[in-house]
**Q** 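Please read through the structure below; I'll follow up with questions.
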Amino acid sequence: MSIQDNILEIETQIESACARVGRSKDEVQLIAVTKLHTPAEINEALDAGITDIAENKVQEILNKYEAVGDARWHLIGHLQTNKVKYIVDKVAMIHSVDSLKLAKEINKRSEAIGRTMDILIQVNSAEEESKFGIKSEEVDSLIDDIVNECKYVRIKGLMCIAPFEEDVNDCRPYFAEVKDIFDRYKSDERDAVDFEFLSMGMSGDFEVAIEEGSNMVRVGTAIFGARNYRQEEK
Ligand SMILES: *Cc1c(COP(=O)(O)O)cnc(C)c1O
């Protein structure tokens, strides 16, 4: 199957998942996760209608940025504060904010170039040791701190990576917990809090994530095929 066929297939699956819970497919934004894939492959996805692409590493954005056509770039991986300056002028949204320290650096670098950065708070609702993100009960205080200290950051919602489960249905409670927090913030009227995006679901679990309320799915393997991790050793 070509990249274009894969995208069509995923769009159909998104539509079916939406239909199962009475939602419209237009509510869900598909983001193509392009890590370890080439600009040529990424451009093929853009030609097939993809508008939003995501990388988990700053270096990969820098390596590919010039060779990739018009797209909105998202950073979805752990971000070190000393690397914010390299991408602050390149990405539309950072999904992986999980500390005030990082938010303050994003704020400082955004102010310096005269923009406001859209961010998501990464919530590790399963409390997996191996994953980044904050616990659900830490969300309120982090949001309060960012609102108070970061004028050039706008909190657009939440991001969650579910644990790998043999039965994907076992991910549902982790998604549902983050959806509950998301719903609570939709009525927040502070200027810096403008909840719009609930970024949950990857190749293996995006249908379940949509059924649990996600409106932004990050899909890599199902679009581009398996990643060649050996490339990373170069
Ligand atoms: C790699 C990655 C994805 C995509 O994973 P696939 O299983 O290839 O769809 C989604 N989100 C994050 C944060 C990732 O690092």
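Ligands are counted one by one from 1 in listed order, and the atoms in each one are counted from 1 as well.
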**Q** List ligand 1's nitrogen or oxygen atoms that come under 3.5 Å of a protein nitrogen or oxygen, with the partner atom and distance.
**A**
unit_1   : atom_1 : unit_2 : atom_2 : d
ligand 1 : 8 (O)  : Thr221 : N      : 2.8
ligand 1 : 8 (O)  : Thr221 : OG1    : 2.5
ligand 1 : 8 (O)  : Arg227 : NH1    : 2.7
ligand 1 : 8 (O)  : Arg227 : NH2    : 3.2
ligand 1 : 9 (O)  : Ser203 : N      : 2.9
ligand 1 : 9 (O)  : Ser203 : OG     : 2.5
ligand 1 : 9 (O)  : Gly220 : N      : 2.8
ligand 1 : 11 (N) : Arg218 : NE     : 2.9
ligand 1 : 15 (O) : Lys35  : NZ     : 2.6

**Q** Applying salt bridge (charged side-chain N to carboxylate O under 4.0 Å, His left out), can you list everything that pairs with Lys135, at least two apart in sequence or on another chain?
**A** none
**Q** Return the NZ to CE distance between Lys179 and Met200, rounded to the nearest 0.5 Å.
**A** 8.0 Å
**Q** How would you list, by chain and number, every residue that makes a side chain to side chain contact (heavy atoms under 4.5 Å, CB included) with Asn215, sequence neighbours excluded?
**A** Arg23, Phe182, Phe197, Leu198
**Q** Holding to side chain to side chain donor-acceptor pair (under 3.5 Å), I want the full list of residues that pass it with Lys104, two or more places apart in sequence or in another chain.
**A** Glu149
**Q** Could you check whether Ser199 and His95, counting side-chain N and O atoms only, form a donor-acceptor pair closer than 3.5 Å?
**A** yes
**Q** Roughly how far, to the nearest 0.5 Å, is OG1 of Thr116 from CG of Asp194?
**A** 11.5 Å
